[in-house]
Amino acid sequence: MRILLLFLSFSTFGQNLKIEYETFFNDKPTGRPLFAYAQPEKTYLTTERVGGEQTLYTGKSKTITYITPLGEGKTIGGTDTLKYKYTFAENRKEILGYTCQKAVSIVNSNTIEIWFTNALPYYVAPSAIGIELGTVLEVVRNGNQVTRAKNIEKTSSFPSLPIYTSHDILTYRDILWKNRFTALTVLDHELINWNEETKAKEGVMRFANGTLLVKKVKFPTIGFDTQVFVELKQRSNGDAYDRTGSVFIIPESNALNFFEGLQNGLDKIPQLTSKDGEVYQGYHLTNNYLPNVELMRFFTSFGINHYNYNAIKGKEWLDHTSFRQEISELRSLLSDKEIYVGTYIGNYDKGGHEVSLEITLHKGENAYHRFDFALPLFNTVNVMEMGGQNYSTLFKDENGLNVEFTLEHDLKDAQLRYITTGHGGWGNGDEFLPKKNTIYLDNFVVHSFTPWRQDCGSYRLSNPVSGNFASGLSSSDLSRSNWCPATVTNPVYIELGDLKAGKHSIRVKIPQGQREGSSFSFWNVSGILLGKK
């Protein structure tokens, strides 16, 4: 990395050229003028987008350097070699008194027409496309976007480029991209594994012998002009199997939340007891307890990266899985809060899984979910599975899962953000059998559907140790109850209408399969009430 200071100034009047360009889209001006300055033959050029990226072109080497101020006195640059290809037409037309020739370039499936002249001894254009051809006076993109020279003048002045830090072009683009949003790093190459000897980085807490990681994160104020994404990257560090994973937050609470169970034992948080005496810890909202808020449900693949040596002709295994999902509808539970973010992968493997997790905030986009109210109702993902939290077999009871809640104010456009996946039972279990999920609001059916994924074979390249059957299928190909190895499970948004202040109830009913010997079925469901106050 090096620091460059470029001063381009010339005293001889008329030796420099200034062109002002204007752009039209469907014949309507966009209001974004471009200014270009050029020196003849010495092949230096800067194209300045007002308030944005500047460009320096060196004709002798045909390289172009992009220069961008990032604020707070920091400016970066990146140099690239021009690689455009052109076809030349016989077409001619006059622009601002100069006869121009037509060239065409195809860029990312876009057809770019360039009108240029060699009557002026300059290399200048409104962008890098066509700049090495001569003086470009008009560029037409796909027939409907036109950038045309509005004015040409000789000048004795020439702008001086700022001091900037030089990078290769890929590093430059990466820095520029990351500068456009806020990234909150939660986990950085941490191990989620069944191993008490594994040490976490500073600030990361390990529970359930290391299968659950928790870190406190400070969120800035998040407005409706900001979209929020969660992204987790995962690869095997020894575990060969597809595992349930969940990213969640432990919400702020004036009374109890799940952190009490982590610190002092699962018996310290509310419990549900089924008719046959099974106990389920921390699954549902009570008068003094908020359950975990699930941000993203994901499923690891069969041994990605660690077992990529299992070669199969014609298949090249991927290096890792990347799970990314928008969670903007939950901004009211995140904005201006310092809360615990948890990540769970169920496994009893000493090597386990390596994960990195970040939450990104992208300002300037109008989010379509404009909820200002969110209330976690239930979450049956047993993230403390390896610490004694029971599997969610409670749907064997006829009434399923019923949660009562009280609204202190009317709620408009209420929705239930519902995530559901079926598990267990081997071939006859609910993981591999379609089962209807029915949602009741105040004892009336509001939604009923069968969650089922039939696209699991699309992710075969993420599953190097997925078993192969006599039928020619791989285990990872099989259809499942709303999940596939190496994918996320999308939430379903169930419209509830306007809700009046007062007491209400949500009930989830699923015909869970019966136990067969040591094999049993269970359902991981989470639900968050959303709305506008």
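This chain uses plain numbering: 1 for the first residue, then up along the sequence.
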TODO: Say whether, by atom type as modelled, one donor and one acceptor occur between the side chain of D372 and the main chain of K533 under 3.5 angstrom.
DONE: yes

- [ ] Tell me, please, which residues at least two apart from C100 pass disulfide (SG to SG under 2.5 Å).
- [x] none

Task: Distance, nearest 0.5 Å, that separates CG of L357 from CG of L213 - done: 9.5 Å

Task: Exceeds 12 heavy-atom contacts within 6.0 angstrom, atom NZ of K83 - done: yes

Open item on the list: Please report the interatomic distance CZ(F229) to OG(S328), rounded to the nearest 0.5 Å.
Closed with: 6.0 Å

TODO: Determine whether F219 and I359 make a side-chain contact, defined as any pair of heavy atoms from C-beta on separated by less than 4.5 Å.
DONE: yes

TODO: May I ask you to check whether S466 and S474 show a side-chain donor-acceptor distance below 3.5 Å?
DONE: yes

TODO: Evaluate whether atom CG of D27 has more than 12 neighbouring non-hydrogen atoms of other residues, nucleotides or ligands under 6.0 angstrom away.
DONE: no

Task: Sub-4.5 Å side-chain heavy-atom contact between R331 and T226 - done: no

Task: Candidate pair T68 and Y172, rule side chain to side chain donor-acceptor pair (under 3.5 Å), full reasoning - done: CA-CA 9 Å; T68 299; Y172 167 81; 2.7 Å; yes

- [ ] Might you confirm whether atom CD of E338 has over 12 heavy atoms from other residues, nucleotides or ligands at distances under 6.0 Å?
- [x] yes

Task: Check: N292 side chain, I250 main-chain N or O, donor-acceptor pair, under 3.5 Å - done: no

- [ ] Would you indicate whether K62, at its atom NZ, is surrounded by more than 12 heavy atoms from other residues, nucleotides or ligands within a distance under 6.0 Å?
- [x] no

Open item on the list: Take a 6.0 Å sphere around NZ of K412 and say whether it holds more than 12 heavy atoms from other residues, nucleotides or ligands.
Closed with: no

Open item on the list: So for atom CD, which belongs to E495, do other residues, nucleotides or ligands contribute more than 12 heavy atoms lying within a distance under 6.0 Å?
Closed with: no

Open item on the list: Closer than 3.5 angstrom, by distance alone: can the side chain of Y86 be matched with the main-chain N or O of I106 as a donor-acceptor pair?
Closed with: no

Open item on the list: As a test of understanding, state which of N193, T343, D239 forms a side chain to side chain donor-acceptor pair (under 3.5 Å) with H353.
Closed with: D239

Open item on the list: Quick check on ring pair (Phe, Tyr, Trp, His ring centres under 6.0 Å): which of W483, Y459, Y241 does F299 satisfy it with?
Closed with: W483

Open item on the list: With a 6.0 Å cut-off (strictly less than), is the heavy-atom count around NZ of K233, excluding the residue itself, greater than 12?
Closed with: no

- [ ] Evaluate the criterion side chain to side chain contact (heavy atoms under 4.5 Å, CB included) for residue pair D174 and H167; output intermediate values, then yes/no.
- [x] CA-CA 10 Å; D174 186 62; H167 301 274; over 6 Å; no

TODO: Spell out, as yes or no, whether a donor-acceptor pair under 3.5 Å connects the side chain of R297 to the backbone of N524.
DONE: yes

TODO: Classify the ring geometry between W177 and F181 as parallel (under 30°), tilted (30 to 60°) or perpendicular (over 60°).
DONE: perpendicular

Open item on the list: Just verifying a value: how many Å separate I222 CD1 and L361 CG, rounded to the nearest 0.5 Å?
Closed with: 5.0 Å

- [ ] Would you check if the side chain of T489 reaches a backbone N or O of N482 as a donor-acceptor pair within less than 3.5 Å?
- [x] yes

Task: Straight-line distance of L184 CG to T360 OG1, nearest 0.5 Å - done: 8.5 Å

Open item on the list: For a 4.5 angstrom cut-off between non-hydrogen side-chain atoms, does D413 reach D498?
Closed with: yes

Open item on the list: Working to the nearest 0.5 angstrom, can you tell me the gap between I419 CD1 and N379 CG?
Closed with: 8.0 Å

Open item on the list: Just by distance, no angles: are the side chains of S246 and E294 close enough, under 3.5 Å, to form a donor-acceptor pair?
Closed with: yes

- [ ] State whether the side chain of D80 and the backbone N or O of I64 hold a donor-acceptor pair below 3.5 Å, judged by distance alone.
- [x] no

TODO: Please work out which of the three classes, parallel, tilted or perpendicular, describes the rings of H409 and F373, given edges at 30° and 60°.
DONE: perpendicular

Task: W317 side chain near K315 side chain, heavy-atom distance below 4.5 Å - done: yes

- [ ] Using atom types as modelled and distance alone, determine if a side-chain donor or acceptor of T117 lies under 3.5 Å from a backbone N or O of T99.
- [x] yes

Open item on the list: Take a 6.0 Å sphere around NZ of K218 and say whether it holds more than 12 heavy atoms from other residues, nucleotides or ligands.
Closed with: yes

Task: Ring centroid separation Y418 to H447 under 6.0 Å - done: no

TODO: Find the distance between CZ (F25) and CZ (R141) and round it off to the nearest 0.5 Å.
DONE: 8.0 Å

- [ ] Output yes when a side-chain donor or acceptor of N142 lies under 3.5 Å from a complementary backbone atom of N144, and no otherwise.
- [x] no

Open item on the list: Using side-chain heavy atoms (C-beta onward) and a distance below 4.5 Å, is S127 in contact with V139?
Closed with: no

Open item on the list: For the backbone of I345 and the side chain of N347, can you confirm whether one donor and one acceptor N or O come within less than 3.5 Å of each other?
Closed with: yes

Open item on the list: Less than 4.5 Å apart, side chain to side chain, heavy atoms only: is that true for F24 and Q145?
Closed with: no

TODO: Answer yes or no: is there a side-chain heavy-atom contact under 4.5 Å between F371 and S332?
DONE: no

- [ ] For residues S479 and W452, determine if any side-chain heavy atom of one lies less than 4.5 Å from a side-chain heavy atom of the other.
- [x] yes

Open item on the list: Donor-acceptor pair, distance only, cut-off 3.5 Å: does the side chain of T211 make one with the backbone of Y344?
Closed with: no

